[in-house]
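Chain A is the first sequence line, chain B the second, and so forth, proteins listed ahead of strands; every chain is numbered from 1.
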2 protein chains.
Amino acid sequence: MDDRLSLTFAALADPTRRAILSMLLEDDMAVTDVAEPFDMSLAAISKHLAILTRAGLISQEKRGRVKWCKLEPAALKDPSVWMQGFGQFDPVNLDDFERYLETLLGNGAAPPEVG
Amino acid sequence: MDDRLSLTFAALADPTRRAILSMLLEDDMAVTDVAEPFDMSLAAISKHLAILTRAGLISQEKRGRVKWCKLEPAALKDPSVWMQGFGQFDPVNLDDFERYLETLLGNGAAPPEVG
DNA sequence: ATCATCGTCAACCGGATGGTTGAATATGCC
DNA sequence: GGCATATTCAACCATCCGGTTGACGATGAT
């Protein structure tokens, strides 16, 4: 399946790739630095990054000999909206939304901690 | 990968399965009826339903000789929250949230139309 | 009892996925 | 030029995935 939604969900369906995205929340990173904490070859990480790029979840820009990886959170918008089409029928989710918005307005957007 | 988040994202990474979930928004359905609109064997649909069940996105209950499939939107909560950890850094997404909440409070929750 | 219907199981197939290793391609440094 | 660093490419491997078909087990109808 090569439609965007499928590509994005598939890209997210791997803990290594989700960990990479979390790392990139902090800051842009070089491929080598992304690979460092993982017990896996650089080539494997390079493939994961290619998949994330194809899904639009990150972008890669080569400056000198190092390729910088940058998070592209906008790519999560469509999947998120798609899911809300279901979530809205669940009252629990509505509560979450309200709490989330209060968090935002209240103390300046602390990220929800979720595995 | 057999952690919940991976299972759920993987389950969503297939257009047939997303279509099934959309169908189940309308009402609970028997397996045969779920399969009807698809150009694919019943066994294939049965497998898709098993994957959705394993991810917790639907539940199946056998009554008589027909097995009813029921949407379980709560399973979308964790993935949704996980994504919000990224989305909140994207101002466009915040606008969406506010608009969404206004929609809710205003006219009684019209579903966001997204393919 | 027999027959049709509902759904899954088992075996198979081709193609994708996630990983490895070793060679190859840039690029930067001296 | 020559060497080290950064990253990808290519080939390979085992496993998973999405689909098929045919047989099978349950259940309901006559």
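- The A:Val31 side chain lies nearest to D:dT7 when the options are D:dG18, D:dT7, D:dT20.
- Taking atom CZ on A:Phe38 and atom P on C:dG19, their separation rounds to 10 Å, with Å as the unit.
- With salt bridges taken as basic N to acidic carboxylate O contacts below 4.0 Å, one links B:Arg18 and A:Asp3.
- Between A:Ser41 and the phosphate of C:dT20, there is a side-chain N or O to OP1/OP2 separation shorter than 4.0 Å.
- In this structure, the CG atom of A:Leu52 is 15 Å from the P atom of D:dT7, given to the nearest Å.
- Taking atom CG on A:Asp14 and atom P on C:dA16, their separation rounds to 18 Å, with Å as the unit.
- No side-chain donor-acceptor contact under 3.5 Å links A:Arg4 to the backbone of A:Pro79.
- In this structure, A:Met83 and B:Leu12 have side chains that are in contact, with non-hydrogen atoms separated by less than 4.5 Å.
- The distance from atom NE2 of B:His48 to atom C1' of D:dC16 is 14 Å, rounded to the nearest whole Å.
- When distances run from any side-chain atom of A:Ala43 to the nucleotides D:dG18, D:dT8, C:dG18, the shortest one goes to D:dT8.
- Rounded to an integer number of Å, the gap from A:Arg18 CZ to C:dG18 C1' is 15 Å.
- Nearest nucleotide to the side chain of B:Ile51, out of D:dA6, D:dC9, D:dG18: D:dG18.
- When the nucleotides D:dT8, C:dT27, D:dG19 are ranked by their closest atom to the side chain of A:Lys67, D:dT8 comes out on top.
- Between the C1' atom of C:dG18 and the CG atom of A:Leu49 lies a distance of 14 Å, rounded to the nearest Å.
- The CD1 atom of B:Ile45 sits 10.5 Å away from atom CZ of B:Arg17, with the distance rounded to the nearest 0.5 Å.
- Nearest to the side chain of B:Val66, among D:dT8, C:dC6, C:dG19, sits C:dC6.
- When each of A:Lys62 and A:Leu42 is assigned the nucleotide of DNA chain C with its nearest heavy atom, A:Leu42 is the one assigned upstream, toward the 5' end.
- Residues A:Gln60 and A:Arg65 each lie close to DNA chain D; by heavy-atom proximity, the contact nearer the 5' end of the strand is made by A:Arg65.
- Side-chain nitrogen and oxygen atoms of A:Ser46 include at least one within less than 4.0 Å of the OP1 or OP2 phosphate oxygen of D:dT8.
- The interatomic distance linking A:Glu36 (CD) with D:dT7 (C1') rounds to 17 Å, in whole Å.
- Candidate nucleotides D:dG19, C:dG7, C:dT20 were compared by shortest atom distance to the side chain of A:Met40, and C:dT20 ranks first.
- At a threshold of 4.5 Å between non-hydrogen side-chain atoms, the residues B:Val31 and B:Leu42 count as touching.
- Within the 4.0 Å cut-off from OP1 or OP2 of C:dT27, not a single side-chain nitrogen or oxygen of A:Arg63 is found.
- Look at CG on A:Leu12: it is 14 Å from P on C:dT17, rounded to the nearest Å.
- Judged by atom type and distance alone, B:Lys47 reaches the base of D:dG19 through a side-chain donor-acceptor pair under 3.5 Å.
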